[in-house]
Protein chains: 2
Amino acid sequence: MSIKGLGADVLSRDFPEIRELPLFREIEEAHFEALMRGAYLQTFPPQVELIREGDPSDFLHIVVEGMVEMFAAWNGRETVMETVSPVAAFIVAATVRDAPYLMSARTVLRSRIVLIPSQDVRNVFAADPAFARAVVTELAERYRGVVKHTKELKLRNSLERLANYLLRLQTLTGGAEEFDLPIEKRRLAAYLGMTPENLSRGLRSLEAHGVTNDGARIVIGSAEALRKLARPTPLIDDTSL
Amino acid sequence: MSIKGLGADVLSRDFPEIRELPLFREIEEAHFEALMRGAYLQTFPPQVELIREGDPSDFLHIVVEGMVEMFAAWNGRETVMETVSPVAAFIVAATVRDAPYLMSARTVLRSRIVLIPSQDVRNVFAADPAFARAVVTELAERYRGVVKHTKELKLRNSLERLANYLLRLQTLTGGAEEFDLPIEKRRLAAYLGMTPENLSRGLRSLEAHGVTNDGARIVIGSAEALRKLARPTPLIDDTSL
DNA sequence: AGGTCGGCTTGATAATTGTCAATCAAGGGC
DNA sequence: GCCCTTGATTGACAATTATCAAGCCGACCT
């Protein structure tokens, strides 16, 4: 894995989308540069553990390329909490609170990650009201995301979770009838709170509701029929809410 | 239910702990007064629905007395997400994001609630960096709380959840061997993601691990034995982390 | 092409959790 | 005191979900 420390100009030239992230868009140029000066850009192969739950939060991480999976383990069991795709920051909460990570993170694909020292983030956070407000927005969004995930886990059974997941995915792909699962099935199973075996059986059961599956390929034969089973609600399934 | 609109002086005289909330402790006096001027204090009997999921967030709520339960429903099922005890604010995320509530709230006991118009909160939030920072801290804490709850749901079975809940409760009561459940069992069951019947059976099973239960009374015969079953971890069970 | 590996699928079975119905117990109102 | 309501408990049973053990299949390697 190659490690490069890069100055502000290099990072923002190569990845202007970092500056455009909601988190950084409004902050003062001087503060943004201060953050980027201390930042590193690293490239990781797949399956590398970036952070481990329980460790102190040394860096705010931003995925600029690839894919990262947030996961948690206890007593020999492991589950996927979330997958993060470019361009997005993760573990913002641990960073601003200066508290240990509650989740681990690993690369799923070869990934490029920007690492910003947590102390720098906290300094700018204290000095730049615009940044503080952006962090609030980010955190509130994340909070609402986890709340939705929890509601789904507690209120729906595994087939309903799967059906709604597929409908959300369809919406994300612009309503296409056919699309591919963005992650491996075993990871999807862990995310949805079930075993890979049950995911297989679930996809099989959905055939009765017009869903075809071959490998990563999903075909929604009748969104109408699937919706009848899934009963999606904006208060769980609307990602923009 | 009686409704009273109160000026800043009355509210802060009667409930100085509001000013002492982490959320308000650091903000400018003028801003605090502006918030309190528009605030209402209401007293509600038990079982009143204060907010309904999906509604726009008109008010930030603060429980100053009593107890409030946050819950969510879907497709005829209902679950408890959290219970809020004085003095604490709830639905901060929906308020600052100006987004619909994701959870409903109802009083469990007769409760006194301070209601602050969301627009006022957003105004002060934009004008007072100290308040913005406090909101960040609050939100980060809440976020981490939901993450822990989700980890518990996905990684532990119902007996393990119950055992760990009892251990957390014991810690909250200063390590006492005997204590009372703070909420009704059916609510506890919903919070822990199980049915009341299963909670009953769970408490029964825990007798084999030294736990006695009569009504709301819990006696932990051997914290050691219970811990052996529960295997608590700070990354889920430490409420101060 | 053959071989190997990892992930996916399938069937059989077991464990966990939920449902339904009945009963019990405690607290409030009359 | 005595009903009446509500929540808690119990047992029998059903549904859901997990586990275990093959087997399958496609990607990748040599």
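Quick note on labels: first sequence line is chain A, next is B, and so on, each numbered from 1. Please read these numbers as outputs of a predicted model, since none were measured by experiment.
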Those residues of residues 71-80 of chain A lying under 4.0 Å from DNA chain C by at least one heavy atom: none
For DNA chain C, what residues of residues 148-164 of chain B have any heavy atom nearer than 4.0 Å? B:Asn157, B:Ser158
Would you tabulate the side-chain donor-acceptor contacts of residues 224-232 of chain A under 3.5 Å, counting partners in other chains and residues two or more places apart, or write 'none'?
residue  : atom : partner : partner atom : Å
A:Arg231 : NE   : B:Asn75 : OD1          : 3.4

Point-to-point distance, once rounded to the nearest 0.5 Å, from [atom1] of [X] to [atom2] of [Y]:
{"X": "A:Thr107", "Y": "A:Phe44", "atom1": "OG1", "atom2": "CZ", "answer": "8.0 Å"}
{"X": "A:Arg161", "Y": "A:Ile236", "atom1": "CZ", "atom2": "CD1", "answer": "11.0 Å"}
{"X": "B:Leu155", "Y": "B:Glu152", "atom1": "CG", "atom2": "CD", "answer": "9.5 Å"}
{"X": "B:Leu169", "Y": "B:Leu167", "atom1": "CG", "atom2": "CG", "answer": "9.5 Å"}

Using the test salt bridge (Lys or Arg N to Asp or Glu O under 4.0 Å), find all partners of [X] that sit at least two apart in sequence or belong to another chain.
{"X": "A:Arg52", "answer": "A:Glu49"}
{"X": "B:Arg77", "answer": "A:Glu160"}
{"X": "B:Lys151", "answer": "A:Glu53"}

Cationic N near anionic O, under 4.0 Å, B:Glu197 to B:Arg201: no
Ion pair A:Arg142/A:Glu82, N-O distance below 4.0 Å: yes
Quick one: which residue pairs count as a side-chain hydrogen bond (donor to acceptor under 3.5 Å, both in side chains) with a foot in residues 232-241 of chain B, not counting sequence neighbours? B:Arg156-B:Asp237, B:Arg168-B:Asp237, B:Asp238-B:Ser240
Angle of first-five versus last-five pair axes in the helix from C:dA1-D:dT30 to C:dC30-D:dG1, to 10 degrees: 40°
The ring pair (Phe, Tyr, Trp, His ring centres under 6.0 Å) partners of A:Phe179 (sequence neighbours excluded) come to none
Can any side-chain N or O of B:Thr195 pair as donor or acceptor with the backbone N or O of B:Asn198 at less than 3.5 Å? yes
What are the two closest heavy atoms between B:Leu159 and B:Gly202, and how far apart are they? CD1-O, 3.6 Å
Hey, can you pull the donor-acceptor pairs under 3.5 Å for the side chains in residues 56-72 of chain B, sequence neighbours left out?
residue : atom : partner  : partner atom : Å
B:Ser57 : OG   : B:Ala94  : O            : 3.1
B:Ser57 : OG   : B:Ala99  : O            : 3.3
B:Glu69 : OE1  : B:Arg187 : NH1          : 2.8
B:Glu69 : OE2  : B:Arg106 : NH1          : 2.4
B:Glu69 : OE2  : B:Arg187 : NH1          : 3.0

Outer limits of DNA chain C sitting under 4.0 Å from a non-hydrogen atom of chain A, read 5' to 3', are C:dG7 to C:dA12
Given protein heavy atoms under 4.0 Å, the one-letter contact record of nucleotides 6-12 of chain D, with B base, S sugar-phosphate only and - none, is simply -SSSBBB
